[in-house]
Colleague: 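Just passing along the structure, written as structure tokens.
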Amino acid sequence: MDLMHGEYKVPGGKLIVVDLDIADVHLADAHLANVRLSGDFFLEPDEALDRIVGALEGAPAEASAAALAKRVDEAVEPSDVLFGITSEGVGIAVRRALGLATSWDDIDFEVIHGPVVHPMINVAMDETLPEDVAAGRRKPFMRIWEWDAPQVVIGSFQSYENEINQEGVERHGITVSRRVTGGGAMFMEPGNCVTYSLVIPTSLVDGLSFEQSYSFLDQWVMEALEKVGVKARYVPLNDIASEVGKIGGAAQKRWANGYMVHHVTMSYDIDAIKMLDVLRIGREKIRDKGTRSAIKRVDPMRSQTGMEREDIIDVFLHHFQEKYDATLGEITEADLAKAAQRCEEKFVRPEWVYRLP
């Protein structure tokens with residue numbers, strides 16, 4: 001009988017491979033058996049491998065990645081040297097072998113660009129499209145937004161008055177919307193930033209902490225940024241920065257139906273003066289450095305790459321498509337109609353936009 005097989009690549013580390021079987025599979029005490037652990041990691045002394053495998057043998061088949069990692073931690077001695085392998089990674093590899101955690105290769109992705117819509121529609125689709133994915137009406141996807149008017153999107157838990165300068169909003173004709181995810185306010189004009197939404201099963205981040213999941217889900221875009229000449233790094237919890245300044249940030253929302261949205265907005269050619277006229281930049285963000293330093297907080301990709309936004313987007317789309325063997329998808333008229341209805345029911349209503357005044 002073939003063993004179950006699971007793999008996990010530790011970000012910045014090595015590949016962890018687990019092969020195993022389940023004993024008493026039809027009983028309440030079904031547990032792991034015939035566990036094999038391998039990979040290109042480094043582990044000293046050799047006996048440490050036997051101790052880790054021994055700790056996994058007999059573990060409940062339904063054990064969480066955290067519970068499995070705890071078993072590994074208890075088997076590791078202070079003098080052991082682990083390089084490229086983590087207890088959390090072992091737990092995730094076990095869960096993947098059991099089919100309880102998903103890898104990128106398990107997901108049949110689509111990649112979508114646009115369409116150009118009203119700002120509110122994009123925000124609504126971050127709620128309606130995940131519903132369709134969870135119901136099996138649509139494949140998981142990565143979608144790059146396009147919109148036809150300037151907007152500020154505030155986080156689900158932000159105070160409107162604390163974040164928005166209403167006089168600036170009215171002066172510049174800005175649409176203010178509240179998204180379903182947390183995080184901070186984003187100033188977005190057509191053509192001045194790159195925003196994408198990734199809709200996936202939460203099983204893809206099984207065993208990862210919230211902090212780990214952010215950088216894990218954005219590995220592909222860090223690679224794409226490198227292709228366009230931006231040396232980017234992740235700044236916990238959810239910021240993407242380069243050598244010369246902040247580029248953007250990420251946010252997530254997880255639903256009980258087993259799916260989640262993870263989205264990122266990165267500046268391309270931001271009008272920082274207008275941004276500061278629309279947003280109230282908090283004292284903690286500016287401190288005593290003044291407006292000039294506040295403007296420097298967001299560094300656009302245009303100044304670093306010299307590339308047109310459309311060319312950068314093409315690199316992003318092609319990289320995701322090639323990396324995850326994604327097919328081209330589209331937003332249908334039915335998708336737009338559903339999002340428009342959700343706008344009327346929720347996203348344009350004062351009860352939602354000003355729910356935290």
Colleague: Is the backbone of Thr195 close enough, under 3.5 Å, to the side chain of Thr265 for a donor and an acceptor to pair up by distance?
Modeller: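 Not at all, since once roles are kept as given, no pair shorter than 3.5 Å links the two residues.
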
Colleague: Quick check: closest heavy atoms across Pro119 and Pro150, and the distance to 0.1 Å?
Modeller: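 Distance-wise, the nearest heavy atoms are CG-O, 4.4 Å.
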
Colleague: Without swapping roles, check the side chain of Arg96 against the backbone of Gly99 for a donor-acceptor pair under 3.5 Å.
Modeller: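 Side chain of Arg96 to backbone of Gly99: no pair is present.
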
Colleague: So which pairs with a foot in residues 41-65 pass side-chain hydrogen bond (donor to acceptor under 3.5 Å, both in side chains), sequence neighbours left out?
Modeller: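 Every side-chain hydrogen bond (donor to acceptor under 3.5 Å, both in side chains) pair that includes a residue of residues 41-65, provided the two are not neighbours, is Arg51-Asp80.
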
Colleague: One pair to check against side chain to side chain contact (heavy atoms under 4.5 Å, CB included): Arg71 and Val94. What are the steps and the verdict?
Modeller: CA-CA 12 Å; Arg71 283 176 168 256; Val94 170; over 6 Å; no

Colleague: Would a 4.5 Å heavy-atom cut-off, applied to side chains only, mark Met125 and Trp145 as touching?
Modeller: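 They are not in side-chain contact.
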
Colleague: Can you name the closest pair of heavy atoms from Ala61 and Ile22 and give their distance?
Modeller: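 That closest heavy-atom pairing would be CB-CG2, 4.2 Å.
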
Colleague: Please tabulate, one pair per line, all N/O donor-acceptor pairs under 3.5 Å involving side-chain atoms of residues 84-93, not counting sequence neighbours.
Modeller:
| unit_1 | atom_1 | unit_2 | atom_2 | d |
| --- | --- | --- | --- | --- |
| Thr86 | OG1 | Gly89 | N | 2.9 |
| Ser87 | OG | Asp73 | OD1 | 2.9 |
| Ser87 | OG | Asp73 | OD2 | 3.4 |

Colleague: If you look at every heavy atom in Ala185 and Leu279, which pair is closest and at what distance?
Modeller: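 Nearest pair, atom of Ala185 first, then Leu279: CB-CD2, 4.0 Å.
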
Colleague: Would you call the rings of Tyr354 and Tyr160 parallel, tilted or perpendicular, where under 30° means parallel and over 60° means perpendicular?
Modeller: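 Ring orientation of Tyr354 relative to Tyr160: tilted.
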
Colleague: I need the Ser213 OG to Asn238 CG distance, nearest 0.5 Å.
Modeller: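 Taking OG in Ser213 and CG in Asn238, the distance rounds to 10.0 Å.
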
Colleague: Quick check: does any side chain N or O of Asn122 sit under 3.5 Å from a backbone N or O of Glu146, one acting as donor and the other as acceptor?
Modeller: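 Side chain of Asn122 to backbone of Glu146, a donor-acceptor pair under 3.5 Å: yes, one is there.
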
Colleague: Within the distance-only criterion (no hydrogens, no angle test), does the side chain of Asp40 pair as donor or acceptor with the backbone N or O of Leu15 below 3.5 angstrom?
Modeller: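 Yes: the side chain of Asp40 pairs with the backbone of Leu15.
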
Colleague: Check the surroundings of atom CD in Gln166: do more than 12 heavy atoms from other residues, nucleotides or ligands lie under 6.0 Å from it?
Modeller: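 Yes - once you tally the heavy atoms of other residues, nucleotides and ligands closer than 6.0 Å, there are more than 12.
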
Colleague: Between Glu163 and Arg178, does any NZ, NE, NH1 or NH2 come within less than 4.0 Å of an OD or OE carboxylate oxygen?
Modeller: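 Not counted as a salt bridge, because no side-chain N and carboxylate O are separated by less than 4.0 Å.
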
Colleague: Verify the neighbour count for atom CD of Glu351: are there more than 12 heavy atoms of other residues, nucleotides or ligands below 6.0 Å?
Modeller: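 Buried by this count: over 12 neighbours within 6.0 Å.
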
Colleague: Is a side-chain donor or acceptor of Asp335 paired with a backbone partner of Thr332 at a separation under 3.5 angstrom?
Modeller: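 Side chain of Asp335 to backbone of Thr332, a donor-acceptor pair under 3.5 Å: yes, one is there.
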
Colleague: Please check: side-chain N/O of Ser267 versus main-chain N/O of Cys193, any donor-acceptor pairing under 3.5 Å?
Modeller: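 Here the side-chain-to-backbone pair does not exist.
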
Colleague: Tell me whether Arg309 at atom CZ has more than 12 heavy atoms from other residues, nucleotides or ligands lying less than 6.0 Å away.
Modeller: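 Counting other residues, nucleotides and ligands, CZ of Arg309 exceeds 12 neighbours.
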
Colleague: Return the set of residues passing salt bridge (charged side-chain N to carboxylate O under 4.0 Å, His left out) with Arg302 (not counting sequence neighbours), or none when no residue passes.
Modeller: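 Only Asp269 meet the salt bridge (charged side-chain N to carboxylate O under 4.0 Å, His left out) criterion with Arg302.
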
Colleague: How about Ile107 and Tyr324: do any of their side-chain heavy atoms sit closer than 4.5 Å?
Modeller: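 No. Closest side-chain heavy atoms not under 4.5 Å.
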
Colleague: State the CD1-CG distance between Ile270 and Leu276, to the nearest 0.5 angstrom.
Modeller: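 Here the rounded value is 8.5 Å.
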
Colleague: Does a donor on one side chain sit under 3.5 Å from an acceptor on the other, for Asn165 and Arg171?
Modeller: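 There is no such pair (donor and acceptor under 3.5 Å, judged by atom type) between the side chains of Asn165 and Arg171.
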
Colleague: With a 4.5 Å limit on heavy-atom distance, are the side chains of Ser177 and Val153 in contact?
Modeller: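 Yes. Closest side-chain heavy atoms under 4.5 Å.
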
Colleague: Is it the case that Arg95 places NZ or CZ above or below the six-membered ring of Tyr8, under 6.0 angstrom from the centre and within 45 degrees of the axis?
Modeller: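 Ring-cation test returns no.
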
Colleague: Taking atom NZ as the centre, does Lys274 end up with more than 12 heavy-atom neighbours from other residues, nucleotides or ligands that are less than 6.0 angstrom away?
Modeller: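 Counting other residues, nucleotides and ligands, NZ of Lys274 exceeds 12 neighbours.
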
Colleague: What class does the angle between the rings of Phe320 and Trp220 fall in, given that below 30° is parallel, 30 to 60° is tilted and above 60° is perpendicular?
Modeller: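 The arrangement is perpendicular - the two ring planes meet at more than 60°.
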
Colleague: When you measure from the side chain of Arg143 to the backbone N and O of His113, does any donor-acceptor pair fall under 3.5 Å?
Modeller: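 Between the backbone of His113 and the side chain of Arg143 there is no qualifying donor-acceptor contact (under 3.5 Å).
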
Colleague: Could you measure the distance from the CD1 atom of Ile144 to the CZ atom of Phe316? Nearest 0.5 Å is fine.
Modeller: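 Reported to 0.5 Å precision, the distance equals 7.0 Å.
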
Colleague: Output the distance between atom NE2 (His118) and atom CD (Gln151), rounded to the nearest 0.5 Å.
Modeller: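 It comes to 8.5 Å.
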
Colleague: Would you check if Trp147 and Val123 make a side-chain contact, meaning some heavy-atom pair closer than 4.5 Å?
Modeller: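 SC-SC contact between Trp147 and Val123 ruled out.
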
Colleague: Does His318 use its side chain to pair, donor to acceptor, with the backbone of Asp314 at less than 3.5 Å?
Modeller: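 Such a contact is found between His318 side chain and Asp314 backbone.
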
Colleague: Does any part of the side chain of Leu100, heavy atoms only, come nearer than 4.5 Å to the side chain of Asp206, both counted from C-beta?
Modeller: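 No - every pair of side-chain heavy atoms lies 4.5 Å or more apart.
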
Colleague: Looking at CD of Glu161 and CG of Leu356, how far apart are the two atoms once the value is rounded to the nearest 0.5 Å?
Modeller: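 That separation rounds to 11.0 Å.
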
Colleague: Can you check whether Glu189's main-chain N or O pairs, donor with acceptor, with Asn192's side chain at less than 3.5 Å?
Modeller: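 The answer is yes, because a donor-acceptor pair under 3.5 Å joins these two groups.
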
Colleague: Mind checking whether Ile313 and Leu328 sit in one hydrophobic cluster, side chains of I, L, V, M, F, W, Y counted as touching below 4.5 Å?
Modeller: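 As far as the 4.5 Å side-chain criterion goes, Leu328 and Ile313 are connected within one cluster.
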
Colleague: Pick one: which of Lys338, Arg342, Arg138, Lys139 meets salt bridge (Lys or Arg N to Asp or Glu O under 4.0 Å) with Asp132?
Modeller: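 With Asp132 as partner, Lys338, Arg342, Arg138, Lys139 yield a single salt bridge (Lys or Arg N to Asp or Glu O under 4.0 Å), made by Lys338.
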
Colleague: Does Lys231, at its NZ atom, have more than 12 non-hydrogen atoms belonging to other residues, nucleotides or ligands within less than 6.0 Å?
Modeller: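 No.
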
Colleague: Look only at the side chain of Arg349 and the backbone of Glu344, and say whether a donor-acceptor pair between them is shorter than 3.5 Å.
Modeller: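 Confirmed, Arg349 side chain pairs with Glu344 backbone.
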
Colleague: Could you check whether any side-chain heavy atom of Thr102 comes within less than 4.5 Å of a side-chain heavy atom of Ile200, counting everything from C-beta outward?
Modeller: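 Side-chain contact under 4.5 Å: no.
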
Colleague: Quick check: do Thr181 and Asp126 have side-chain heavy atoms less than 4.5 Å from each other?
Modeller: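 No, their side chains stay 4.5 Å or more apart.
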
Colleague: Please round to the nearest 0.5 Å and tell me the distance separating atom OH of Tyr196 and atom CD1 of Ile112.
Modeller: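 Reported to 0.5 Å precision, the distance equals 15.0 Å.
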
